[in-house]
Amino acid sequence: MLKYVSCFWQTLAIIRKNDRKGFNREERVSSLFKDPKRNVVIALYLATFLAAIEGTIVSTAMPIITSELKGAHLYSWVNTIYLLAMVVATPLFGKLSDIYGRKRLIMLGTIIFLLGSALSGIAWSMYSLIFFRAIQGLGAASLMTLPMIIITDLYELEQRSKIQGWLSSIWGVAGILGPLVGGMLVDYVSWRSVFYLNVPFAFVALALLYKFLPGQAERKQTTIDYAGIFTFSSGILLLLFGLNQFAESEASMPIRILYLVVMVVGAGLLVLFRNVENRKQEAFMPMEIFRSRQFLFILISGLVVSIINVAIIFYIPLWMQHVNHASATMSGSIMIPLSILWPIGSIVAGNVTVKLGIKRMIVLGCIFLCAGSIGMASISMSTSYVLVMLYIACSGFSFGILLTALMILSTMVASQKIRGASMSAVQLFRTLGQAVGLVIFGLFLYSDTENTQYSLHLHESLHTIFMMIGVLSILLSIYMVWIAWTEKGEYSSVFDGKAAIAAKQK
């Protein structure tokens with residue numbers, strides 16, 4: 001925590017020294033923080049915090065929520081629909097912000113997120129909760145996407161990189177506070193209170209953004225790719241919905257065939273989406289991204305890492321509460337090592353990746369990924385909490401290393417003219433990986449809470465999921481190391497760590 005506080009004050013010092021271009025002296029107000037840009041950054045930190053804390057705090061409360069609302073068979077869809085909404089809206093918010101301005105879109109997104117949170121807190125059934133979480137996910141897309149874009153608009157590279165470095169550590173702070181506070185609220189207040197925790201932060205962020213974030217008067221003449229948005233969002237939704245429902249054991253064969261047809265239609269829409277995007281000048285997602293070997297490597301790796309990540313975050317609390325019969329507070333506390341080691345891994349990768357090279361960081365990250373995932377595949381009801389926390393810590397450190405290294409690589413290989421779309425695609429595939437992970441692993445999750453042997457069957461299903469994570473981690477590591485160490489093209493210096501040397505020689 002001391003490191004986070006230190007980074008925070010360093011960030012404020014950088015902002016104070018930065019010039020105030022674009023802000024008239026009349027716009028400055030007599031307040032604790034008189035620099036408009038600094039107040040904007042604080043608002044963006046709060047906005048990012050809202051999105052960051054949401055995943056960890058809700059996953060801690062989910063076992064109690066499903067028990068009270070009687071919908072264990074819909075357990076995975078509470079988070080899946082949230083992530084699906086984010087998948088659809090993430091590139092959309094980026095596109096609309098170019099037309100209507102960042103200020104309008106991030107404020108709109110914050111209000112939508114706030115509305116979804118408030119409605120989720122009064123949900124009367126699992127179906128109503130899923131619907132309200134979809135609204136919340138639409139708003140969260142702006143909070144995940146626009147803060148980085150706004151910081152890029154306001155600051156030059158040197159200041160921007162330092163501010164964004166601290167912005168990434170917010171995920172660590174939220175990861176620490178989310179499970180702990182969420183568990184305490186569930187144990188001592190109500191699960192409904194976890195959805196109202198972010199309300200005061202949202203109001204403060206809205207006030208600061210409204211007061212200090214400059215609006216954009218001129219609008220860029222551009223078009224919105226409605227055909228691409230429709231085919232992509234419909235295809236993903238149908239494919240994941242059909243996949244989830246196809247494996248329901250109580251469904252009759254005609255119904256299962258119907259779900260299979262839904263999956264085929266979803267896949268067909270995604271093929272149509274590709275054809276539509278190939279003909280668009282201002283595509284929803286430029287197909288040029290998928291023709292780059294290096295960028296395809298980034299997208300595939302980020303997607304699979306996110307699949308592994310969401311399974312650990314979502315199912316470890318379920319294991320602790322319903323298999324080991326721990327309290328919600330304890331199940332939240334056991335996730336703290338992941339929240340601490342993740343930002344540490346990000347800081348390490350951010351400081352040394354360019355110097356040492358992408359491939360060395362990938363090897364380091366894959367070692368910790370396999371150690372954590374294989375360790376979790378071996379846990380049983382007799383495994384000590386300390387050992388489980390060690391496995392979780394290894395996983396957290398690997399996520400920080402790998403995801404940060406991949407993000408750095410994406411900034412180096414993306415062409416200037418589609419850099420915005422490329423960075424959106426990276427975030428999009430990570431979110432998609434989380435959604436896909438929840439659906440796929442949800443197929444193997446035992447959900448009959450009325451069965452007297454529920455804990456035993458749940459133990460077996462979760463063990464299967466953890467085994468799958470272990471195998472997936474090994475396969476991913478082989479793929480990433482192979483690609484990184486066989487890169488011989490124009491980006492070989494990036495993988496080898498020669499980029500920094502070349503920059504100094506210029």
Side-chain angles (χ1 to χ4, degrees), residues 4 8 31-33 39-62 64-65 68-69 78-79 81-83 85-86 89-90 93 102-126 128-147 150 167 170-213 313 317 328-329 332 339:
Y4 296 142
F8 176 74
S31 62
L32 180 61
F33 299 106
N39 289 326
V40 170
V41 171
I42 292 173
L44 297 178
Y45 286 164
L46 289 174
T48 302
F49 180 78
L50 296 179
I53 200 172
E54 187 61 29
T56 55
I57 197 171
V58 172
S59 64
T60 305
M62 277 308 300
I64 303 299
I65 293 175
E68 181 173 322
L69 296 183
V78 173
N79 265 16
I81 197 67
Y82 177 85
L83 294 172
M86 286 181 57
T90 292
F93 269 104
R102 319 290 190 212
K103 182 173 184 175
R104 293 181 180 180
L105 268 296
I106 194 170
M107 291 190 67
L108 174 63
T110 304
I111 292 172
I112 294 174
F113 181 85
L114 189 60
L115 176 64
S117 298
L119 291 173
S120 296
I122 62 172
W124 55 89
S125 67
M126 287 293 288
S128 63
L129 178 61
I130 290 171
F131 178 75
F132 297 146
R133 285 280 286 171
I135 298 175
Q136 196 179 26
L138 291 175
S142 73
L143 306 183
M144 293 282 289
T145 307
L146 296 183
I150 293 172
L167 189 67
I170 288 180
W171 292 88
V173 176
I176 294 171
L177 294 178
L180 188 60
V181 175
M184 293 178 66
L185 288 173
V186 170
D187 286 342
Y188 301 111
V189 185
S190 167
W191 65 263
R192 298 180 185 276
S193 62
V194 303
F195 292 104
Y196 296 113
L197 180 65
N198 50 35
V199 170
F201 297 103
F203 277 117
V204 173
L206 281 171
L208 291 174
L209 290 170
Y210 177 78
K211 182 69 177 178
F212 297 106
L213 181 61
I313 291 176
T329 301
S339 304

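Residues Ser142 and Leu105 are not in side-chain contact: their nearest non-hydrogen atoms beyond the backbone lie 4.5 Å or more apart. Contact check for Met107 versus Leu206: side-chain heavy atoms found under the 4.5 Å cut-off. Val194 has its side chain out of reach of Ser120: every pair of non-hydrogen atoms, C-beta onward, lies at least 4.5 Å apart. Counting heavy atoms from C-beta outward, Ile42 and Val204 have side chains that stay 4.5 Å or more apart. Considering only heavy atoms from C-beta on, Ile65 stays 4.5 Å or farther from Arg192 through its side chain. The side-chain heavy atoms of Leu44 and Ile106, taken from C-beta on, include a pair separated by under 4.5 Å. Within the 4.5 Å cutoff, no side-chain heavy atoms of Tyr45 are placed close to those of Leu208.
Of all heavy-atom pairs between Ala140 and Tyr82, the closest is CB-OH, 3.3 Å. Scanning both residues, Leu119 and Phe132, for their nearest heavy atoms gives O-CD1, 3.1 Å. When all heavy atoms are compared, the tightest approach of Phe113 to Gln136 is CD1-O, 3.4 Å. Pairing each heavy atom of Val78 with each of Arg133, the nearest pair is O-NE, 3.3 Å.
Taking CG from Leu129 and CD1 from Ile81, the interatomic distance works out to 11.0 Å, rounded to the nearest 0.5 Å. For the atom pair CD1 (Ile130) and CE (Met126), the distance works out to 5.0 Å, reported to the nearest 0.5 Å.
Tyr196 places no side-chain N or O within donor-acceptor distance of the main-chain N or O of Ser117, the cut-off being under 3.5 Å.
Taking Ser125 as the reference, Tyr127, Ser128 meet the side chain to side chain contact (heavy atoms under 4.5 Å, CB included) condition, with sequence neighbours excluded. With sequence neighbours left out, the side chain to side chain contact (heavy atoms under 4.5 Å, CB included) criterion links Ala202 to Leu50, Thr110, Leu114.
In the displayed structure, Phe131 atom CZ is contacted under 6.0 Å by at most 12 heavy atoms of other residues, nucleotides or ligands.
Annotation: cation-pi geometry satisfied between Lys103 and Tyr210 (NZ/CZ under 6.0 angstrom from ring centroid, within 45° of ring axis).
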